[in-house]
Amino acid sequence: MLTNVKIDELFGIKESYQAPDVLMKVLFNKEAREELFKKFLEHEVNLDNDWFHIYFEEEHSNKAKLNQDFTPMAVASVLSQLAGNGPGMNLDVAAGSGGITIKKWVDDKMAIGFFEYRPSLCFYQCEELSDRALPFLLFNLAIRGMNAAVLHGDTLTRKFKQVYFIQNDEDGYTTFSNINIMPHSDACMQYFDIREWLEEPKRHIESIGSETRYLYQGPEEEEQLSLF
């Protein structure tokens with residue numbers, strides 16, 4: 001069972017406040033990340049719920065500054081049904097650690113059918129302002145083998161720090177996703193309606209043969225493009 005104490009133990013930390021920074025570093029080491037995923041799955045195999053819902057709300061939410069409150073699962077279920085289920089694209093703003101997106105992913109799989117479902121049939125775009133929530137969101141998407149884009153910044157002003165591209169390269173039902181960081185190119189800004197970058201670009205590419213290669217345009221991205 002994934003108690004708060006057990007989660008801290010799996011992260012290898014003594015104090016919960018350390019979790020976001022420690023997790024963010026692990027996420028960008030593919031081997032260490034997938035080893036961490038396997039350790040979590042030894043304690044909990046049910047991927048239908050956000051394991052960090054209570055943990056984050058108790059240990060990391062910033063209600064005073066960011067008015068953070070997680071959506072109850074009953075409400076997430078209603079939202080998922082209203083949006084309709086099955087193949088397609090989905091948008092979750094103020095995504096937190098991904099509870100609503102996870103519920104939508106579960107409902108999409110059920111609507112498609114166990115034997116017909118492939119990760120490539122569904123795409124999830126998540127937008128989140130909080131630096132603390134971001135690592136948990138990336139973790140939740142990648143361990144479930146989802147295909148998604150995570151925009152880290154302000155949905156209203158369209159000012160973002162980075163765009164993370166989560167891709168299940170093997171398109172497998174039980175495989176983990178890779179984590180990539182998109183370039184700060186004109187094509188990327190146009191595609192995601194980004195008005196301004198709030199950080200310097202970061203380079204991290206794990207996926208080979210990405211279908212989003214057309215976003216890597218321009219002379220300054222030529223070297224990055226060649227890696228795909």
Side-chain angles (χ1 to χ4, degrees), residues 1-62 68 70 92 95-99 101-102 105 119 124-153 160-170 172 174-183 198-208 210 224 227:
M1 181 178 178
L2 286 175
T3 62
N4 289 7
V5 173
K6 175 56 68 174
I7 290 173
D8 284 344
E9 180 185 322
L10 292 171
F11 285 155
I13 59 176
K14 295 182 179 180
E15 300 286 345
S16 294
Y17 76 87
Q18 300 171 307
D21 289 339
V22 170
L23 179 55
M24 198 64 173
K25 291 178 182 178
V26 172
L27 286 174
F28 292 93
N29 180 323
K30 181 178 171 66
E31 183 177 349
R33 179 181 74 235
E34 294 191 349
E35 185 62 32
L36 180 62
F37 287 170
K38 292 173 183 177
K39 288 181 179 178
F40 267 80
L41 290 170
E42 289 175 2
H43 295 276
E44 179 58 80
V45 296
N46 182 5
L47 295 168
D48 290 357
N49 299 306
D50 176 10
W51 300 333
F52 302 118
H53 183 115
I54 296 175
Y55 179 80
F56 187 88
E57 200 163 39
E58 291 182 353
E59 306 290 349
H60 300 285
S61 63
N62 193 336
Q68 286 181 315
F70 277 33
D92 183 4
S97 58
T101 294
I102 292 171
W105 170 73
Y124 305 89
Q125 180 171 320
C126 300
E127 301 183 359
E128 176 53 43
L129 178 64
S130 170
D131 293 345
R132 296 179 186 178
L134 180 72
F136 299 100
L137 176 59
L138 296 175
F139 180 106
N140 274 333
L141 300 174
I143 196 173
R144 289 167 173 80
M146 299 165 71
N147 286 340
V150 176
L151 281 67
H152 182 200
F160 294 96
K161 296 180 179 180
Q162 305 293 337
V163 175
Y164 300 88
F165 181 62
I166 316 301
Q167 176 165 291
N168 188 325
D169 288 0
E170 298 179 33
T174 60
T175 52
F176 303 135
S177 295
N178 281 329
I179 299 178
N180 310 276
I181 302 180
M182 301 300 290
L198 300 177
E199 283 185 349
E200 292 298 311
K202 297 179 180 179
R203 179 184 175 124
H204 184 84
I205 302 173
E206 295 178 358
S207 295
I208 304 300
S210 170
Q224 288 181 315
L227 295 177

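Side chains are part of it too, since the values below use all heavy atoms of this structure and drop only hydrogens, waters and symmetry mates.
- Under the side chain to side chain contact (heavy atoms under 4.5 Å, CB included) criterion, N4 pairs with Y55, E58, E59, sequence neighbours left out.
- Contact check for V150 versus V163: no side-chain heavy atoms found under the 4.5 Å cut-off.
- Within the structure, salt bridge (Lys or Arg N to Asp or Glu O under 4.0 Å) pairs that include any residue of residues 19-35 comprise K30-E34, R33-E206 (at least two apart or interchain).
- Remark: the backbone N or O of L41 is not paired with any side-chain donor or acceptor of E44 at under 3.5 angstrom.
- Annotation: side chain of N140 is in contact with side chain of D50 (closest heavy-atom distance under 4.5 Å).
- Remark: A142 pairs with F37, I166, S177, I179 by the side chain to side chain contact (heavy atoms under 4.5 Å, CB included) rule, at least two apart or across chains.
- Residues that satisfy the side chain to side chain donor-acceptor pair (under 3.5 Å) test with E170, not counting sequence neighbours, are absent from this structure.
- A donor-acceptor distance shorter than 3.5 angstrom exists from the side chain of T175 to the backbone of G172, with no hydrogens or angles considered.
- A parallel orientation is assigned to the rings of F40 and W51, their planes being inclined by less than 30° (bins at 30° and 60°).
- Side-chain contact check for D169 and N178: at least one donor-acceptor pair (N or O, by modelled atom type) lies under 3.5 Å.
- F160 pairs by the ring-ring contact (aromatic ring centres under 6.0 Å, His included) definition with nothing, not counting sequence neighbours.
- Here CG of L141 is found 12.0 Å from CG of N168. Values are rounded to the nearest 0.5 Å.
- Every residue meeting the side chain to side chain contact (heavy atoms under 4.5 Å, CB included) condition with E9, not counting sequence neighbours, appears here in chain and number order: K6.
- Residues P119 and N147 come closest through the heavy atom pair O-ND2, 3.4 Å.
- Side chains of N180 and H204 form no contact here, defined as non-hydrogen atoms less than 4.5 Å apart.
- To the nearest 0.5 Å, atoms NE2 (H152) and CG (L134) are separated by 5.0 Å.
- Residues L151 and Q125 form a side-chain contact, since some pair of their non-hydrogen atoms from C-beta on lies under 4.5 Å apart.
- Once rounded to the nearest 0.5 Å, the distance linking CD of E200 with CD of Q162 reads 9.0 Å.
- Side-chain contact between P135 and L27 is present, with heavy atoms from C-beta onward closer than 4.5 Å.
- In this structure a side-chain-to-backbone donor-acceptor pair under 3.5 Å is missing from R144 to I102.
- Side-chain contact between F11 and L23: present, with at least one pair of heavy atoms (C-beta onward) separated by less than 4.5 Å.
- A heavy-atom distance below 4.5 Å is found between the side chains of H43 and L10.
- Looking at D131 and M24, their side chains never come closer than 4.5 Å, going by heavy atoms from C-beta outward.
- Separating the CE atom in M146 from the OH atom in Y124 is a distance of 5.0 Å, to the nearest 0.5 Å.
- A distance of 9.0 Å separates CE in M182 from CD1 in I205, rounded to the nearest 0.5 Å.
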Passes side-chain contact (heavy atoms from CB on, under 4.5 Å), L47 versus W105? Steps please. CA-CA 10 Å; L47 295 168; W105 170 73; 4.2 Å; yes
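- Between atom CD of residue E128 and atom OG of residue S97 there is a gap of 8.5 Å, rounded to the nearest 0.5 Å.
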